[in-house]
S.K.: 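Let me begin by handing over the structure; questions about it come next.
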Amino acid sequence: MSLERTSGYEGALLVDGSWIDTGERRDVIHPYDGSVVGSIALADREQVVEAVEAADRAAEASELSAYERYELLMETAAHLEDEAESVARLLTSEQGKPLVESETEVDRAVQTLRLSAEEAKRQFGEYVPMDAQRGFARDHCFTQHEPLGVVAAITPFNFPLNLMVHKVGPALAAGNAVVGKPASNTPLVSLKLFEFLEEARQEVGAPSGLVNVVTGSGSTTGDVLLEHEAVEAISFTGSTAVGKYLAANSGMKELTLELGGNDPTIVWDDTDIEAAAEQVVGGACSNAGQVCNSVERVIVPEHIEREVIEALVDAAESLTVGDPFDQATDVASMVDDDQFETVVELYEATVEAGATVECGGNYGGDLGPRTFEPTVLSGVTPDMPAANEEVFGPLVPVISVPDFNAAIAEANNTDYGLEAGIFTQDIDRARRAADEIDAGGVNVNTVSGFRADHMPYGGFKDSGVGKEGIKYAVEHFSRQKLVGFHDGFNA
Ligand code: NAP
């Protein structure tokens, strides 16, 4: 059965409690068939400055208690949950992922908001035992958390709802005001989120300007956010190239960077190969492979390579490719022509370099103009593009290695270090992988793509700086003040 996509969504900017239009607009396209879903207002520099200054005033004026911040986020979660079905349709309409994946994303976003609400009540300071140093036995000190002020949240196209919640939820929980900037090809679901946030803001009586959202060019917005002194923190999820630009220009601002990956998953010979293969293919192809921690390299021992490839092919061929609104669809469209063409080029170059296509390899045409079939590639070597670049498409490149030392070395043979997975029943191999793979997370008996929303999440090396996961993001969005009570005049 195929469901209706959304159309006619006219987005505006939310600045200081008002929805405002701008002179210029940009259409948002349904990736599967190119139809127009809606449009967004393109903010200019002045409008981004206004949003930042409104947020700054709100941050100064806001006196929300922890309980009120909890209420703000719980109310937002309730609004989102009430409209979950239409929000999921909007998400699939603009992003192109299968509807069932959008439903999961909306459900996760509701949970991320509730986890953030709970975290608002856990801003504990700590008592500092001053008598640990000679001469301070009569001093009493403790720490307290304070918000930073204005937090800017810049998000990518692939999880446009939950990744925005991962930033604004913890930022508001810590007592900050926010300015959101969603990706230009998937902005509408974020605008919907800010509608719910704004309703909840009014319900709890917080100052206007506590939540703002601007749409339009990333570089225009990004440069204002970098330059404006009132922005204390920038939380960015997106490509490594843009992340490095922000890092080079952010001066003293707090910066969280959640960037690209080229994540390995090792399938060793002591595991259930069929079950592992099913998870690997799911981890490589969900959201048409457009997931930062998707399985991008499958590392296997040479002596079981054929067995693993056959299991991967079976799993890949069992996936249904098609219209994202069709409930039977597992793999649908990529988000836009740029993403699609990048994957096509990377695939063609890898095959030209000698990789073998075990299954799949079709793209475009009758499948849909931006759709790529799940594709298993064998004989992939570390120098091939599908092995040494971020693969943001449904490719499953298999690299074989002679022994476990080589598997670990291959897992680390990348500039990225987001997440890794290993399937093994051997405790010593699992421990070695955990200790020796240089990534922000090592997942034993599942794929690199594993993520729960409250766990610390963030990569090493070119994959980023800092951690998300509610509690950890709240730490980035607040500062600790030391308060001391001393002997003073009563000595
Ligand atoms: P992108 O091109 O870097 O865009 C991300 C966001 O940055 C968009 O909102 C974009 O706005 C904005 N932007 C562009 N230029 C900017 C600038 N100069 N200053 C400030 N902001 C700017 O990334 P994408 O293609 O949307 O997303 C895919 C990438 O995100 C992949 O590399 C993926 O691995 C990574 N990612 C990482 C994680 C993680 O948690 N580590 C999660 C998801 C995705 P416009 O859209 O208007 O250009």
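The chain is numbered in sequence order, starting from 1. Both counts, for ligands and for their atoms, begin at 1 and track the order of listing. Only a predicted model underlies this, so the values are computations on that prediction, with no experimental measurement involved.
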S.K.: Heavy atoms, side chains only, cut-off 4.5 Å: are Gln290 and Gln95 in contact?
M.R.: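 Contact flag for Gln290/Gln95 side chains = yes.
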S.K.: Taking the side chain as C-beta and beyond, is there a heavy-atom pair between Glu83 and Phe196 under 4.5 Å?
M.R.: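 Yes. Closest side-chain heavy atoms under 4.5 Å.
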S.K.: Could you see which bit of Glu468 sits under 4.0 Å from ligand 1, with heavy atoms only: side chain, backbone, both or neither?
M.R.: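 Within the 4.0 Å criterion, Glu468 makes no contact with ligand 1.
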S.K.: Would you say Gln339 touches ligand 1, if touching means a heavy atom closer than 4.0 Å?
M.R.: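 Flag set, Gln339 near ligand 1.
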S.K.: For the 3.5 Å polar cut-off, considering only N or O atoms, please tell me whether Leu259 and ligand 1 meet it.
M.R.: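 In this structure, Leu259 places an N or O atom under 3.5 Å from an N or O of ligand 1.
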S.K.: Is the Phe372 ring parallel, tilted or perpendicular to the Tyr363 ring (thresholds 30°, 60°)?
M.R.: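 Ring orientation, 0 to 90° scale: parallel.
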S.K.: Report, in ascending order of atom number, the atoms of ligand 1 lying under 4.0 Å from any heavy atom of Leu418.
M.R.: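 Going through ligand 1 atom by atom, the ones under 4.0 Å from Leu418 are 41 (N).
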S.K.: Give me the residue, atom name and distance of the protein heavy atom closest to atom 32 (O) of ligand 1.
M.R.: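 Sorting protein heavy atoms by distance from atom 32 (O) of ligand 1 puts Glu390 OE1, 2.8 Å first.
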S.K.: Give the residue, atom name and distance (to 0.1 Å) of the protein heavy atom nearest atom 27 (O) of ligand 1.
M.R.: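 Ranking protein heavy atoms by distance from atom 27 (O) of ligand 1, first comes Pro156 CB, 3.3 Å.
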S.K.: What protein heavy atom sits nearest atom 11 (O) of ligand 1, and how far off is it?
M.R.: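 Heavy-atom neighbour on the protein nearest atom 11 (O) of ligand 1: Lys181 NZ, 3.1 Å.
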S.K.: Report, as yes or no, whether the 6.0 Å neighbourhood of atom CD on Glu85 holds more than 12 heavy atoms from other residues, nucleotides or ligands.
M.R.: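 Not buried by this count: 12 neighbours or fewer within 6.0 Å.
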S.K.: Of the protein's non-hydrogen atoms, which lies at the shortest distance from atom 18 (N) of ligand 1, and what is that distance?
M.R.: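 Sorting protein heavy atoms by distance from atom 18 (N) of ligand 1 puts Ser219 CA, 3.6 Å first.
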S.K.: Tell me the contacting part of Asn158 for ligand 1: side chain, backbone, both, or neither, using a 4.0 Å heavy-atom threshold, strictly below.
M.R.: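 The side chain, only.
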S.K.: To the nearest 0.5 angstrom, please state how far the OH atom of Tyr416 sits from the OG1 atom of Thr240.
M.R.: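 Spacing of OH (Tyr416) from OG1 (Thr240) equals 4.0 Å.
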S.K.: Have a look at Tyr416, Tyr245, Phe157 and point out the one with the heavy atom closest to atom 26 (O) of ligand 1.
M.R.: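 Among Tyr416, Tyr245, Phe157, the closest heavy atom to atom 26 (O) of ligand 1 belongs to Phe157.
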S.K.: Does at least one non-hydrogen atom of Pro182 fall below 4.0 angstrom from an atom of ligand 1?
M.R.: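 Under 4.0 Å: yes for Pro182.
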S.K.: Which of the numbered atoms in ligand 1 are below 4.0 angstrom from a heavy atom of Tyr457?
M.R.: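 Contacts of ligand 1 toward Tyr457, numbered from 1: 40 (O).
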S.K.: Is the contact between Thr155 and ligand 1 made by the side chain, the backbone, both, or neither, using heavy atoms and a 4.0 Å cut-off?
M.R.: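 The answer is the backbone.
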S.K.: Heavy-atom contacts under 4.0 Å between Asp223 and ligand 1: side chain, backbone, both, or neither?
M.R.: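 Neither; nothing of Asp223 gets under 4.0 Å from ligand 1.
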S.K.: Does Lys471 have more than 12 heavy atoms from other residues, nucleotides or ligands lying within 6.0 Å of its NZ?
M.R.: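 Open: at most 12 neighbouring heavy atoms sit under 6.0 Å from NZ of Lys471.
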S.K.: Measure the distance from atom 35 (C) of ligand 1 to every protein heavy atom, then report the residue, atom name and distance (to 0.1 Å) of the closest one.
M.R.: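 Nearest neighbour among protein heavy atoms for atom 35 (C) of ligand 1, to 0.1 Å: Gly238 O, 3.2 Å.
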S.K.: Any heavy atom of Leu163 closer to ligand 1 than 4.0 angstrom?
M.R.: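 A heavy atom of Leu163 does come that close to ligand 1.
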S.K.: Of the choices Phe392, Phe236, Phe159, which has the non-hydrogen atom that lies closest to atom 7 (O) of ligand 1?
M.R.: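 Considering heavy atoms of Phe392, Phe236, Phe159, the nearest to atom 7 (O) of ligand 1 sits in Phe236.
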S.K.: Mark whether atom 4 (O) of ligand 1 lies under 4.0 angstrom from at least one protein heavy atom.
M.R.: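 Flag for atom 4 (O) of ligand 1 set to false, no protein heavy atom closer than 4.0 Å.
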S.K.: To which protein heavy atom is atom 46 (O) of ligand 1 closest, and what is the distance rounded to 0.1 Å?
M.R.: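 Going atom by atom, the protein heavy atom closest to atom 46 (O) of ligand 1 ends up being Ser184 N, 2.8 Å.
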S.K.: Nearest non-hydrogen atom to atom 1 (P) of ligand 1 belongs to which of Ser239, Gly216, Gly243, Gly440?
M.R.: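 Closest candidate by heavy-atom distance is Ser239.
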S.K.: Between His30 and Phe325, does the ring centroid distance fall short of 6.0 Å?
M.R.: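 Yes: the rings meet the under 6.0 Å criterion.
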S.K.: Just checking His454: does its NE2 atom have more than 12 heavy atoms from other residues, nucleotides or ligands closer to it than 6.0 angstrom?
M.R.: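 Not buried by this count: 12 neighbours or fewer within 6.0 Å.
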S.K.: Around Glu436, counting heavy atoms of other residues, nucleotides and ligands shown, do more than 12 lie under 6.0 Å from its CD?
M.R.: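 Above 12, so yes.
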S.K.: Any nitrogen or oxygen of Ser463 lying under 3.5 Å from a nitrogen or oxygen in ligand 1? Just yes or no.
M.R.: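 So ligand 1 has no N or O lying under 3.5 Å from an N or O of Ser463.
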S.K.: Please say whether Gly218 places an N or O atom under 3.5 Å from an N or O atom belonging to ligand 1.
M.R.: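 Between Gly218 and ligand 1 (N or O atoms, distance only) the closest approach is under 3.5 Å.
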S.K.: For ligand 1, which atoms, with element, lie under 4.0 Å from some heavy atom of Gly222?
M.R.: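 Ligand 1 atoms under the 4.0 Å threshold to Gly222: 19 (N), 20 (C).
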S.K.: Counting only nitrogen or oxygen atoms and a 3.5 angstrom limit, does Arg451 reach ligand 1?
M.R.: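 No - when backbone and side-chain N and O of Arg451 are compared with those of ligand 1, no distance drops under 3.5 Å.
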S.K.: Please examine the side chains of Ile437 and Asn412, heavy atoms only from C-beta on, and report whether any two atoms are closer than 4.5 Å.
M.R.: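 Yes; the side chains approach each other to less than 4.5 Å.
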S.K.: Which protein heavy atom lies closest to atom 12 (C) of ligand 1, and at what distance to 0.1 Å?
M.R.: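 Result for atom 12 (C) of ligand 1: Ile154 CG2, 3.8 Å.
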S.K.: May I ask you to list the atoms of ligand 1 that are less than 4.0 angstrom from any heavy atom of Thr237?
M.R.: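 Numbered from 1, ligand 1 contributes 5 (C), 36 (N), 37 (C), 38 (C), 39 (C), 40 (O), 42 (C), 43 (C), 44 (C).
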S.K.: A quick test of your reading: do over 12 heavy atoms of other residues, nucleotides or ligands sit less than 6.0 Å from CD of Glu348?
M.R.: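 Buried by this count: over 12 neighbours within 6.0 Å.
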S.K.: Can you tell me how far CZ of Phe159 sits from NE2 of His166, rounded to the nearest 0.5 angstrom?
M.R.: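 Spacing of NE2 (His166) from CZ (Phe159) equals 10.0 Å.
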S.K.: State, yes or no, whether a side-chain contact exists between Thr215 and Leu42 at a heavy-atom distance under 4.5 Å.
M.R.: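 The answer is no, as the side chains (C-beta and beyond) never meet within the 4.5 Å cut-off.
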S.K.: For Glu60, does the CD atom sit with more than 12 other heavy atoms under 6.0 Å from it, leaving out its own atoms?
M.R.: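 Open.
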S.K.: Should we say atom CD of Glu278 is surrounded by more than 12 heavy atoms from elsewhere, each under 6.0 Å from it?
M.R.: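 Counting neighbours around CD of Glu278, 12 or fewer heavy atoms of other residues, nucleotides or ligands fall under 6.0 Å, so no.
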S.K.: Can you tell me how far the CD atom of Glu373 sits from the CG atom of Leu395, to the nearest 0.5 Å?
M.R.: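 Glu373 CD to Leu395 CG: 11.5 Å, rounded to 0.5 Å.
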S.K.: Regarding ligand 1, does Asn185 bring an N or O atom to under 3.5 Å of one of the ligand's N or O atoms?
M.R.: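 No; the residue has no nitrogen or oxygen that sits under 3.5 Å from a nitrogen or oxygen of the ligand.
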S.K.: Nearest protein heavy-atom contact for atom 36 (N) of ligand 1: which residue, which atom, what distance?
M.R.: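 So the nearest neighbour among protein heavy atoms is Cys292 CB, 3.5 Å.
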